[in-house]
Amino acid sequence: MMLAKAGEENAGVVDWGDGWAVVFKIESHNHPSAVEPYQGAATGVGGILRDIFTMGARPIAVLDSLRFGNPANPRVRYLIDGVVRGVGDYGNCFGVPNIGGETVFEDAYTGNPLVNPLAIGLVRTDKIARGAASMIGAPVFIVGSKTGRDGIHGATFASEELSEASEARRPSVQIGDPFTEKLLLEATLEMIDADLLVGIQDMGAAGITCSCSETAFRGGLGMHIDTGLVPVREDAMTPYEILLSESQERMLVIVKPGCEAATQAIFAKWQLDAARIGEVIEGNRFIVDHNGERKVDVPADALSLGGRTPQYKRAERRPKFLDEAAAFDTDDIPIPGHLGETLRNLIGSPNLSDKTWVHRQYDTSVRTCTTFGPGMDAGVIRIRKTNTALAATTDANGRYCYLNPRLGAQIAVAEAARNLVCVGARPLAVTNCLNFGNPYKPEMYYQFAECVRGMGEACRFFETPVTGGNVSFYNEDAERAVYPTPTIGMIGKIESLDLITAGTFKTPGDIIALVGECKNEIGASEYLCRIHGKVTGKVPSLDLAMEKKVQQFIMTAIRSGWIRSAHDCSDGGLAVALFECCLSQGGEMVGIDVDLSGVKLRSDVVLFGESQSRIVVSFDERHQVELAAAAQSAGIPWMILGRVAEHDTFQLQPYISEPLAGLRDAYMQCLPSFMDRQPSVTAVA
């Protein structure tokens, strides 16, 4: 159950049970990361963490969804290096585990990377803090760091297309300090616990201007502040600069009358500023003085996103290339002569290869509650003092949404839910980060509108409410727009720690089965893109009813103790999914004996097609009867593929028989070879 409406508060809130709530949100920091990757990514993490603890929740995990261009490009390597270090350094210093996400490479993101961090926190339901200035006469404080000139016009910069001139906008990128953020976290939670607050708001986009107007609008009142009272760290700052600064690690706090001294004492204890800058007033006015001189007097709701801002519906035009892509015929491409080599090339490609070179830069186990970190179907965090765990994932396939926006968005929601189910979780709720090009272009607005429609349809079907999120437009450079990328962040609840399920094979002799159906679908696939150089074809079909049946079957099998592993079959198809099941987090591998001759499709479609609603499972043969009966009762396709083997060979008869060691080498050697070389300064130009 949602405890706050989407967009009503700083982050979404979902009832967890037993007096606890989960607070979570995802946002973008794309443009800042394009011009100043380290600070852009770091402050993206810092901002989303503040959204969480502004609600009174202690952050327990972060995830990051990252998209870059071709890593062979020196400029892209510079962006990768800065973004990954920025994400890691801020989260590591703050002390929150990074438990998952995704790192994707497509030419469409060459000049405009996508950096979408997600944060999750826990709060007692009676301690949830709200962002409303709801008491006339309540004093208004700015707390945390001093205000500087960094980040001025950061919000408007995010609403411009990137160009060669964008490098000059580096001053619009905020500078982060995770150690100060940690102090701000503790001071904020102490203040909330002491019941000193009327309302609280993170100071993000547009700084003081936005935080004051938003809290005033939510409270149905006005606000009067004096910018001359704001602690600054630079000389001769104008009221305009103070109002629009996006300096990090700051909060706007509306304090209960009489609690001013207690508030200042808490922040002094944590060595942070806490300055009274104004008060909540009756009426719908936002009034700004500077040392007593009137500078601003406007309606408060005119500045708030929830107030009198205009509502736009732009012209939509379906891109012509969609018809051309849909007409693609699989028979137009040849079947590779050596399918084992094709598999090696696929798992060694940037999107499917080992991402340890990313994960090793993140602290994945701080706070000692991480059960599954990056690289699994979903990240899993144990909830202290309970027998429950929280699972979280981020998912999107920009290529799918480029070729069929509505269906692509539905698939993103379905895959996120499927990933949670594979680790034993019941999907609860969604947050989203919608990344698109210029909405003034009819084709771009069509992509946006169709993705939103598809996402809404799927979320309603799976009963996973959208708790909030972020929309990021103008993600394009001089050459191209990014693929339409609706990043889905989804959380789920694992009711018992005994139900946590891994995606890797464990015991030789276990039976391997495929839940779901292989269809004659190869369009939009990783195989078609990486092996044949084509981004075209029909996106895999999705039957939402069948998807739900498959997920419910897997949950039943996990709760009944029938299966030992479950792994989503998605990017790269069945062959890649089976290879991933052969891996383990400890670096060991198990072989498999699988026979796919019963699937009467083209060999490359069988191996690399990306049909939806499929999950690879393994189980002890004593549970085969129960599983087969349950699958028949549920009306879902079910096929025995083979067994986990004692040997170290990857056998998919009649197509592939490869030593696992050779496949593992291909999987692990793709990116680290150049990421270990620091990019030169000239790569920035």
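In what follows, every heavy atom counts, from backbone to side chain, and hydrogens, waters and symmetry copies are set aside. In this text, all values refer to a predicted model and were calculated from it rather than measured experimentally. Here, residue 1 is the first one in the sequence, and each next residue gets the next number.
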Carefully, step by step, assess Phe462 and Gln551 under the rule side chain to side chain contact (heavy atoms under 4.5 Å, CB included).
CA-CA 10 Å; Phe462 290 111; Gln551 293 184 20; 4.0 Å; yes
Leu66 and Leu114: side chain to side chain contact (heavy atoms under 4.5 Å, CB included), yes or no, with the steps?
CA-CA 6 Å; Leu66 310 178; Leu114 301 186; over 6 Å; no
Salt bridge (charged side-chain N to carboxylate O under 4.0 Å, His left out) pairs touching residues 520-541, sequence neighbours excluded, are Glu106-Arg530, Arg399-Glu526, Glu526-Arg530
If you take all heavy atoms of Cys581 and Val616, which pair is closest and at what distance?
SG-CG1, 4.0 Å
Could you tell me if the side chain of Tyr667 sits less than 4.5 Å from the side chain of Leu583, heavy atoms only?
yes
Under 3.5 Å, is there a donor-acceptor pair linking the side chains of Gln447 and Glu443?
no
OG/Ser603 to CG/Leu652 distance, rounded to the nearest 0.5 angstrom?
11.5 Å
Determine the minimum heavy-atom distance between Thr330 and Val605, stating which atoms define it.
CG2-CG2, 4.4 Å
For the residue pair Asn351 / Ser349, report whether a side-chain donor-acceptor contact shorter than 3.5 Å exists.
no
Roughly how far, to the nearest 0.5 Å, is CZ of Phe24 from CG of Leu63?
11.5 Å
Look up atom OG in Ser570 and atom CG in Asn397, then write down how far apart they are to the nearest 0.5 Å.
8.5 Å
Verify whether the ring centers belonging to Phe68 and Tyr109 lie closer than 6.0 Å.
no
On a heavy-atom basis, which atom in Ile615 and which in Ala566 lie closest, and how many Å separate them?
CG2-CB, 4.1 Å
Rounded distance [0.5 Å steps], CE in Met444 versus CZ in Phe473
11.5 Å
Between Thr464 (side chain only) and Arg460 (backbone N and O only), is there a donor and an acceptor less than 3.5 Å apart?
no
Calculate, to the nearest 0.5 Å, the distance between atoms CE and CG belonging to Met376 and Asn419 respectively.
11.0 Å
Using the side chain to side chain contact (heavy atoms under 4.5 Å, CB included) criterion, which residues pair with Val599? Sequence neighbours excluded.
Cys518, Leu601, Val606, Met639
Exam field: side chain Ser611 to backbone Lys519, donor-acceptor pair closer than 3.5 Å
yes
Between Asp64 and Asn98, does any side-chain donor sit less than 3.5 Å from a side-chain acceptor?
yes
Under a 4.5 Å cut-off applied to non-hydrogen side-chain atoms, are Asn112 and Arg480 in contact?
no
I'd like to know if the side chain of Gln248 reaches the main chain of Glu246, judged simply by a donor and an acceptor atom lying under 3.5 Å from each other, with no hydrogens or angles considered.
yes
Under 4.0 Å between a Lys/Arg side-chain N and an Asp/Glu carboxylate O for Arg418 and Glu415?
no
Assess whether side chain to side chain donor-acceptor pair (under 3.5 Å) is satisfied between Asn30 and Asn475, documenting all intermediate values.
CA-CA 8 Å; Asn30 303 335; Asn475 290 291; 3.2 Å; yes
Between His29 and Gly40 (side chain of the first, backbone of the second, donor and acceptor by atom type, cut-off under 3.5 Å), is there such a pair?
yes
Is any side-chain heavy atom of Leu596 closer than 4.5 Å to one of Leu574?
yes
Does either side chain, that of Arg67 or that of Ser65, offer a donor lying less than 3.5 Å from an acceptor on the other one?
yes
Measure from the side-chain N and O atoms of Ser525 to the backbone N and O of Leu528, and report whether any donor-acceptor pair falls under 3.5 Å.
yes
Side chains of Asn92 and Tyr362: donor-acceptor distance under 3.5 Å anywhere?
no
Distance-only, no hydrogens or angles: does the Thr467 side chain make a donor-acceptor pair with backbone N or O of Val430 under 3.5 Å?
yes
Using side-chain heavy atoms (C-beta onward) and a distance below 4.5 Å, is Ile80 in contact with Pro71?
yes
Answer yes or no: is there a donor N or O on one side and an acceptor on the other, between the side chain of His338 and the main chain of Glu341, under 3.5 Å?
yes
So which heavy atom on Gly572 is nearest to which on Leu346, and how close?
O-CD1, 4.5 Å
Give a yes or no on whether the backbone of Pro117 and the side-chain of Glu27 come within a donor-acceptor separation of less than 3.5 Å.
no
Distance-only polar pair, side chains of Glu457 and Gln410, donor-acceptor under 3.5 Å
yes
Could you tell me whether Arg318 and Asp323 make a salt bridge, using a distance below 4.0 angstrom between a side-chain N and a carboxylate O?
yes
Salt-bridge contact Arg77-Asp81 (side-chain N to carboxylate O under 4.0 Å):
no
Where do Ile99 and Val380 land on the side chain to side chain contact (heavy atoms under 4.5 Å, CB included) test, with the steps shown first?
CA-CA 7 Å; Ile99 63 168; Val380 177; over 6 Å; no
Under 3.5 Å, is there a donor-acceptor pair between the Asn435 and Asn116 side chains?
yes
Is the backbone of Leu407 close enough, under 3.5 Å, to the side chain of Asn404 for a donor and an acceptor to pair up by distance?
yes
Step by step, work out the side chain to side chain contact (heavy atoms under 4.5 Å, CB included) result for Leu339 and Leu343.
CA-CA 6 Å; Leu339 293 168; Leu343 176 61; over 6 Å; no
Are Tyr402 and Thr485 close enough that a side-chain donor and a side-chain acceptor fall under 3.5 Å?
no
Verdict with supporting geometry, Glu102 and Lys355, salt bridge (charged side-chain N to carboxylate O under 4.0 Å, His left out):
CA-CA 9 Å; Glu102 50 193 339; Lys355 299 299 190 301; over 6 Å; no
Residue list, side chain to side chain contact (heavy atoms under 4.5 Å, CB included) with Glu450, at least two apart or on another chain:
Pro405, Arg406, Tyr446, Arg453
CG/Asn520 to OG/Ser541 distance, rounded to the nearest 0.5 angstrom?
10.5 Å
Distance-only polar pair, side chains of Glu610 and Tyr400, donor-acceptor under 3.5 Å
yes
With a 4.0 Å cut-off, would you call Glu517 and Arg614 a salt bridge?
no
Does a side-chain heavy-atom distance below 4.5 Å link Ile120 with Ile52?
no
So which atom in Cys582 and which in Ile592 form the shortest heavy-atom distance, rounded to 0.1 Å?
SG-CG2, 3.7 Å
Report yes or no: does Ser613 contribute a side-chain atom to a donor-acceptor pair with the main-chain N or O of Met546 at less than 3.5 Å?
no
Below 4.5 Å, heavy atoms only, C-beta onward: do Cys451 and Phe436 meet side chain to side chain?
yes
Looking only at the side chains, is there a donor atom on one of His31 and Tyr474 sitting less than 3.5 Å from an acceptor on the other?
no
Classify the side-chain pair Tyr38/Asp89 by whether it contains a donor and acceptor separated by less than 3.5 Å.
yes
Within 45 degrees of the ring normal and closer than 6.0 Å to the centroid, is that where the cationic atom of Arg314 sits relative to Tyr440?
yes
Side-chain heavy-atom pair His532, Tyr527 within 4.5 angstrom cut-off:
yes
Nearest heavy-atom approach of Cys401 to Pro484 is CB-O, 3.1 Å
